[in-house]
Amino acid sequence: MKKILLPKEVAKPRGNYSHGGLVEPGYLLFIAGQTAMGLDGTIVGIGDPYVQAKQVFENMAAVLSEAGGDFNDIVKITTYITDISYRVKVNEARKEYFHKDFPASTLVVVKGLADADFLVEVEAIACITRRKE
């Protein structure tokens, strides 16, 4: 069984994706690439990779919470940035959400993301061991 997650704390997707898909049994959560899209649908932190990364992780937190999990449940994360110089600021923000038992991680520098103002996008896979209904 699959449950699509569209938390009310995150802007509605503007494309063909959901913010997450919870798959049972096993409680695997696949979190779509999250960007610095605020709840009102505007881009947060234009030009600032740290502020954008914070919004990205807040959006991820909402998807994780909707599934009954948290950042400790993430087992794989892929981070996309549009300039290698953003790595330091993105990692500063990331350290505020990941504290131990870090997930497998990939960093990819790309030419661009879905909107020219997006500097950071992060997708993840989590294994939820406790569920809220």
Side-chain angles (χ1 to χ4, degrees):
M1 182 170 116
K2 180 170 83 173
K3 178 180 178 184
I4 299 301
L5 302 176
L6 297 166
K8 61 184 176 216
E9 297 85 3
V10 180
K12 291 184 180 183
R14 290 200 265 179
N16 296 325
Y17 69 96
S18 61
H19 289 300
L22 186 64
V23 181
E24 299 179 55
Y27 306 114
L28 288 178
L29 171 62
F30 298 87
I31 301 174
Q34 296 297 305
T35 59
M37 186 73 65
L39 182 57
D40 64 358
T42 62
I43 298 172
V44 174
I46 292 176
D48 188 329
Y50 174 80
V51 172
Q52 286 204 8
K54 290 280 292 179
Q55 182 65 51
V56 164
F57 291 123
E58 285 300 312
N59 290 348
M60 289 180 69
V63 176
L64 285 159
S65 178
E66 181 81 6
D70 59 38
F71 281 91
N72 292 319
D73 297 310
I74 292 179
V75 294
K76 172 68 172 92
I77 190 168
T78 303
T79 303
Y80 302 90
I81 56 178
T82 58
D83 189 304
I84 192 62
S85 69
Y86 300 156
R87 186 174 140 247
V88 172
K89 292 295 183 184
V90 171
N91 280 337
E92 285 177 18
R94 179 178 162 150
K95 288 177 187 175
E96 297 177 31
Y97 296 88
F98 294 95
H99 304 288
K100 63 177 183 144
D101 300 326
F102 299 109
S105 181
T106 302
L107 174 68
V108 182
V109 179
V110 296
K111 184 176 180 179
L113 295 166
D115 186 293
D117 288 325
F118 290 141
L119 308 177
V120 181
E121 184 168 338
V122 180
E123 65 181 13
I125 300 171
C127 183
I128 308 297
T129 57
R130 62 216 168 278
R131 286 269 332 271
K132 71 175 183 178
E133 291 298 326

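Residues Pro103 and Val75 form no side-chain contact, since every pair of their non-hydrogen atoms from C-beta on lies 4.5 Å or further apart. With a 4.5 Å cut-off on side-chain heavy atoms, Asp73 and Leu29 do not count as touching. Proximity of Phe118 to Tyr80: side-chain heavy atoms (C-beta onward) are nowhere separated by under 4.5 Å. Looking at Ile77 and Phe98, their side chains come closer than 4.5 Å, going by heavy atoms from C-beta outward. At a threshold of 4.5 Å between non-hydrogen side-chain atoms, the residues Val51 and Val44 count as touching. Contact annotation: the side chain of Val110 approaches that of Thr82 to within less than 4.5 Å [non-hydrogen atoms, C-beta and beyond].
Atom-to-atom distance recorded for Arg94:CZ and Leu107:CG is 8.5 Å, nearest 0.5 angstrom. Atom-to-atom distance recorded for Ile74:CD1 and Glu123:CD is 11.5 Å, nearest 0.5 angstrom. Here Ile43 contributes atom CD1 and Gln52 contributes atom CD; the two are 7.0 Å apart, rounded to the nearest 0.5 Å. Taking CE of Met37 as the start and NZ of Lys12 as the end, the distance is 14.0 Å to the nearest 0.5 Å. In this structure, NE2 on His19 lies 7.0 Å from CG on Asn59, to the nearest 0.5 angstrom. Distance check, rounded to the nearest 0.5 Å: CG of Leu64 to CG of Asp70 gives 7.0 Å.
The hydrophobic clustering, which links ILVMFWY residues whose side-chain heavy atoms are closer than 4.5 Å, places Val10 and Phe30 apart. No path of Ile, Leu, Val, Met, Phe, Trp and Tyr side chains, each step under 4.5 Å between heavy atoms, connects Tyr50 with Ile46, placing them in separate hydrophobic clusters. A continuous path of hydrophobic side-chain contacts links Ile84 to Val90 [ILVMFWY only; heavy atoms under 4.5 Å].
The salt bridge (Lys or Arg N to Asp or Glu O under 4.0 Å) pairs that include a residue from residues 48-64 are Lys54-Glu96, where partners are two or more places apart or lie in different chains.
Between Phe71 and Phe57, the ring-plane angle classifies as perpendicular under the 30° and 60° cut-offs.
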